[in-house]
Amino acid sequence: MSEQLVTYIALGLLIVGVIAFIIILKKQGGSNNSQKNKSINSNSTNLFFKSNEACYEYSKKYFSSVILKSKSSVLGIVYLIGQDKKSGTVRCTVYVDSKQTEILIWVFFDDLEHSINIGDFVSVGINDIGKVFTVKDFEDTVEVGNPEGLKNLKDATIGVIIEKLTTELDIKSGFFIPFK
C-alpha cells in the first residue's frame, strides 16, 4: 500500500469517527434539551379560562382578597352599566370586617380605549370608601322593588376601571393579561 492511500484511509476513518461522535452527542444532548424545553414550556404556558366568570371565580379562590381601602385594586365582573355608558357597578370580592364579602363598587370608565359591557372581567382601582353594598342586599332590594335601595347605590364605594382583562392568566407574572 502506498503511503498516500494509507493517509486517505486514516483521514476517512477520522472523519467517520468525528461524525459518529457528533451524532452520539446530539442524541444524548438533544434528548436532554427536549426534556428541558418541555419543562420550560410547560412552566411558562399561560392558563386560559372559558369565561370571564370563570376568571373571577378563580381569582376569588386563589388570589388573596384585599381589605376594602382607598387606593387598593381588585378584580371583578361588570354588573351593571349606567345610562351614560361611562359608569356602572362592578361585583368584587373584598374583606369587610375580617370576612370575605362580595360587594358592588360604583365605577367610572369613560377614558378607556375599549368598550365595557356587562359581564366583562376588569381590574378596579378603589378611590373612595362609601357605603358597603353587598351583592345579596342589592339583589334583595331589587327583588322587593324598593326604589330607595337603588337610589342609595350612589353612596357606594367609588372606583375606576383600570383595565379590561382577558381570560388568559400569565403564569410567570401571576396577572391576567390586559385586553388589547
Side-chain angles (χ1 to χ4, degrees), residues 35-82 85-144 146 149-150 152-180:
Q35 288 175 348
K36 286 179 187 174
N37 287 341
K38 284 181 184 175
S39 66
I40 289 170
N41 289 338
S42 66
N43 288 339
S44 65
T45 301
N46 292 343
L47 267 178
F48 292 87
F49 295 85
K50 291 183 179 181
S51 68
N52 290 329
E53 188 66 35
C55 293
Y56 177 62
E57 291 301 322
Y58 181 89
S59 71
K60 284 187 345 185
K61 187 172 183 178
Y62 294 105
F63 293 1
S64 59
S65 292
V66 297
I67 296 171
L68 183 60
K69 62 182 180 179
S70 187
K71 298 186 181 174
S72 59
S73 77
V74 294
L75 300 176
I77 296 286
V78 176
Y79 190 73
L80 294 171
I81 303 258
K85 305 285 187 209
K86 297 178 180 182
S87 63
T89 56
V90 173
R91 179 171 47 111
C92 301
T93 302
V94 296
Y95 275 109
V96 177
D97 298 329
S98 301
K99 185 175 138 187
Q100 194 175 22
T101 309
E102 194 170 47
I103 67 167
L104 292 175
I105 297 176
W106 187 257
V107 295
F108 297 94
F109 49 86
D110 57 341
D111 60 348
L112 290 179
E113 293 177 22
H114 306 289
S115 65
I116 298 294
N117 301 302
I118 292 174
D120 283 347
F121 185 50
V122 295
S123 174
V124 175
I126 297 174
N127 293 342
D128 186 39
I129 306 301
K131 185 170 177 359
V132 174
F133 283 93
T134 66
V135 173
K136 183 178 177 353
D137 289 345
F138 181 77
E139 288 174 347
D140 290 347
T141 300
V142 170
E143 193 173 297
V144 172
N146 181 359
L150 298 176
N152 291 336
L153 194 56
K154 69 181 179 349
D155 298 328
T157 296
I158 297 173
V160 62
I161 293 180
I162 298 168
E163 58 191 353
K164 184 175 178 176
L165 302 171
T166 65
T167 56
E168 181 179 359
L169 176 64
D170 183 343
I171 296 298
K172 287 182 181 177
S173 70
F175 293 108
F176 283 92
I177 308 276
F179 192 83
K180 294 180 181 179

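Positions are given from 1, in the same order as the sequence printed here. Treat the numbers as computed from the prediction; the structure is a model and nothing was measured.
The distance from atom SG of Cys55 to atom CG of Leu47, rounded to the nearest 0.5 Å, is 9.5 Å. To the nearest 0.5 angstrom, Ile116 atom CD1 is 10.0 Å from Glu163 atom CD. To the nearest 0.5 angstrom, Lys69 atom NZ is 10.0 Å from Ile129 atom CD1. A distance of 12.0 Å separates OG1 in Thr45 from CG in Leu169, rounded to the nearest 0.5 Å. With rounding to the nearest 0.5 angstrom, the CD1 atom of Ile118 is 5.5 Å from the CD1 atom of Ile81. With rounding to the nearest 0.5 Å, the separation of CZ in Arg91 from CG in Leu75 is 12.5 Å.
Between Leu165 and Val122 the shortest heavy-atom distance is CD1-C, 3.9 Å. Shown here for Asn52 and Ile77, the closest heavy-atom pair between the two residues is O-CD1, 3.5 Å. Listed here is the closest heavy atom pair of Phe108 and Ser87: CD2-CB, 3.7 Å. What you find for Gly76 and Cys92 is that their closest heavy atoms are CA-SG, 4.0 Å.
Side-chain atoms of Val96 and Thr134, non-hydrogen and from C-beta on, never get closer than 4.5 Å to each other. Contact of the Ile105 side chain with the Val74 side chain is registered, since non-hydrogen atoms from C-beta on lie closer than 4.5 Å.
Outside the 6.0 Å centre-distance limit, the rings of Phe49 and Phe121 are not counted as a close aromatic pair.
Applying the side chain to side chain donor-acceptor pair (under 3.5 Å) test to every pair with at least one member in residues 107-133, sequence neighbours left out, gives these pairs: Asp120-Lys164. The side chain to side chain donor-acceptor pair (under 3.5 Å) contacts involving residues 70-79 comprise Tyr79-Glu139, where partners must be two or more places apart or lie in separate chains.
Looking at Thr93 and Tyr56, their side chains do bring a donor and an acceptor atom within 3.5 Å of each other.
At most 12 heavy atoms of other shown residues, nucleotides or ligands fall within 6.0 angstrom of atom CZ in Phe175.
Put simply, the residue from Thr101, Thr89, Ile103, Leu104 that forms a side chain to side chain contact (heavy atoms under 4.5 Å, CB included) with Val135 is Leu104.
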